[in-house]
Amino acid sequence: MKIVTYNVNGIRARLPRFLEYIEEQKPDVLCLQELKCADESFPAAEVAATGYKAIFHGQKGFNGVAILTRDGEPVLRRMGLPGDPDDTHSRYIEAEVGDLVIASLYLPNGNPVGTEKFAYKLAWMERLREHALALLAEERPVVLAGDWNVVPTDEDVFSPKAMAHDALLQPETRAAYRTILHQGWTDAIRARHPEGAIYTFWDYTAGCWQRDAGFRIDHLLLSPSAADRFLDAGVDKEYRGREKASDHAPTWVTLEG
DNA sequence: ATGACATTTGCAAAATGA
């Protein structure tokens with residue numbers, strides 16, 4: 001089965017791209033981020049017409065996450081991470097999909113470094129660390145899919161020097177990501193492509209797409225029993241070059257079963 | 001770089017992104 005994470009940068013602005021992606025790739029599970037719409041503005045009728053079933057956690061203007069399934073339907077487990085009842089951002093949704101647990105997450109960007117936005121990013125990652133540990137304790141196949149807003153290593157960005165001051169590359173950001181990984185998760189893209197650059201995001205500005213100045217920030221983390229079923233992983237890069245594309249490309253893993 | 005470009009809100013220009 002093909003499980004995809006796709007930061008759409010506005011579900012309504014991206015509707016033609018989103019619908020053609022479903023039509024062409026027919027993913028079993030599609031995790032979306034940056035819906036940028038309130039729940040009442042979610043294009044439910046257009047999604048229903050595809051035959052996919054969706055659960056979503058929207059927010060007016062920014063954020064917003066969803067999980068869509070081709071067969072059956074996602075059964076909601078939680079919206080929002082535990083650990084901060086005052087957090088109003090719609091950045092996490094988790095569901096049962098068949099025998100899998102699947103999360104669609106949109107980790108805070110955190111720029112600029114040294115502000116409360118960066119502190120919020122690190123605090124959110126600490127809450128994710130705790131929740132990820134609880135998920136592992138269930139000893140089930142789990143996929144943590146999303147826009148992590150983390151460049152794990154210098155190999156994962158076109159210019160570590162140019163981006164050295166960015167929140168996505170900070171040592172604290174990378175340490176927090178590694179701490180989660182080392183709980184026992186498998187980074188599916190790196191497992192399949194152990195060497196070299198493989199990007200999932202290209203900024204709209206400065207001709208970044210045209211000169212392949214990208215970042216690897218969309219990740220699919222597999223629990224041990226999900227990793228046992230690992231088949232393949234990749235980036236549907238071609239979609240980034242289409243008309244009115246998102247600045248992210250769909251990023252995927254295939255699992256047995 | 002208070003930058004580039006894109007999206008949303010709301011109807012101008014600010015917020016957000018990475």
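Note that the structure is predicted; figures quoted are calculated from it, not measured. Every chain is numbered from 1, with letters handed out A, B, ... down the list of sequences.
- Taking 4.0 angstrom as the limit, A/Arg14 places a side-chain polar atom (N or O) nearer than this to OP1 or OP2 of B/dT7.
- Atom CG of A/Leu35 is separated from atom C1' of B/dT16 by 15 Å (rounded to the nearest Å).
- Contact annotation: A/Arg17 side-chain N/O to B/dA6 OP1/OP2 distance is not under 4.0 Å.
- Of the two residues contacting DNA chain B, namely A/Thr205 and A/Gly10, the nearest-nucleotide position lying further toward the 5' end is that of A/Thr205.
- Between A/Asn9 and the phosphate of B/dT7, there is no side-chain N or O to OP1/OP2 separation shorter than 4.0 Å.
- Atoms CG (A/Asp166) and C1' (B/dT16) sit 14 Å apart, rounded to a whole Å.
- Positionally, the nearest nucleotide of DNA chain B for A/Tyr204 lies more toward the 5' end than for the other of A/Met163 and A/Tyr204.
- Cation-pi geometry between A/Arg242 and A/Tyr239 is met: the NZ or CZ atom falls under 6.0 Å from the ring centre, inside 45° of the normal.
- Rounded to a whole Å, the CG atom of A/Asn63 is 9 Å from the P atom of B/dA18.
- In this structure, the nucleotide among B/dT8, B/dA4, B/dA18 sitting nearest to the side chain of A/Ala206 is B/dA4.
- For the C1' atoms, the distance linking B/dT7 with B/dA12 amounts to 16 Å, nearest Å.
- Distance A/Tyr120 OH to B/dT16 P: 12 Å, rounded to the nearest Å.
- Using atom C1' as the reference point in both B/dG10 and B/dT16, the two lie 16 Å apart (nearest Å).
- The A/Asn111 side chain lies nearest to B/dA18 when the options are B/dT9, B/dA18, B/dT8.
- The phosphate of B/dT16 has OP1 or OP2 within less than 4.0 Å of a side-chain N or O from A/Lys117.
- Counting only heavy atoms from C-beta on, A/Asp203 has its side chain closest to B/dA18 among B/dA18, B/dG10, B/dT8.
- If you check every strand for non-hydrogen atoms under 4.0 Å, A/Asn149 touches sugar and phosphate atoms only.
- Side-chain rings of A/Tyr92 and A/His57 stay apart, their centers remaining 6.0 Å or farther from each other.
- The distance from atom CZ of A/Arg240 to atom P of B/dA18 is 13 Å, rounded to the nearest whole Å.
- If you take NE2 of A/His89 and P of B/dT8, they are 18 Å apart, rounded to a whole angstrom.
- In this model, no donor atom of one side chain and acceptor atom of the other lie less than 3.5 Å apart for A/Tyr6 and A/Asp218.
- B/dC11 and B/dA1 are spaced 34 Å apart, taking the P atom of each and rounding to whole Å.
- Here the nucleotide nearest the side chain of A/Asn7, chosen from B/dT7, B/dA18, B/dT16, is B/dA18.
- Looking at A/Asp71, A/Asp28, A/Asp232, A/Asp236 one by one, the single match for salt bridge (Lys or Arg N to Asp or Glu O under 4.0 Å) with A/Lys2 turns out to be A/Asp236.
- Listed candidates were B/dA18, B/dG17, B/dG10. Nearest to the side chain of A/Phe62 is B/dG17.
- Dashed line: the shortest gap from a side-chain N or O of A/Arg91 to OP1 or OP2 of B/dG17 is under 4.0 Å.
- Between A/Arg240 and A/Asp247, no side-chain nitrogen of the basic residue sits less than 4.0 Å from a carboxylate oxygen of the acidic one, so the salt-bridge criterion is not met.
- Remark: A/Gln59 CD to A/Tyr106 OH distance equals 10.5 Å, nearest 0.5 Å.
- In this structure, the CG atom of A/Asp247 is 12 Å from the P atom of B/dG17, given to the nearest Å.
- A ring-centre distance under 6.0 Å is found for A/Phe42 and A/Phe56.
- Remark: the separation of the P atoms in B/dA13 and B/dG3 is 16 Å, to the nearest Å.
- The side chain of A/Tyr106 places no N or O atom within less than 4.0 Å of a non-bridging phosphate oxygen (OP1 or OP2) of B/dT16.
- The CD1-C1' distance, from A/Ile11 to B/dT7, rounds to 13 Å in whole Å.
- In this structure, A/His165 reaches neither bases nor backbone, as no heavy-atom distance under 4.0 Å exists between it and the strands shown.
- OP1 or OP2 of B/dT7 lies within a sub-4.0 Å distance of a side-chain N or O belonging to A/Lys244.
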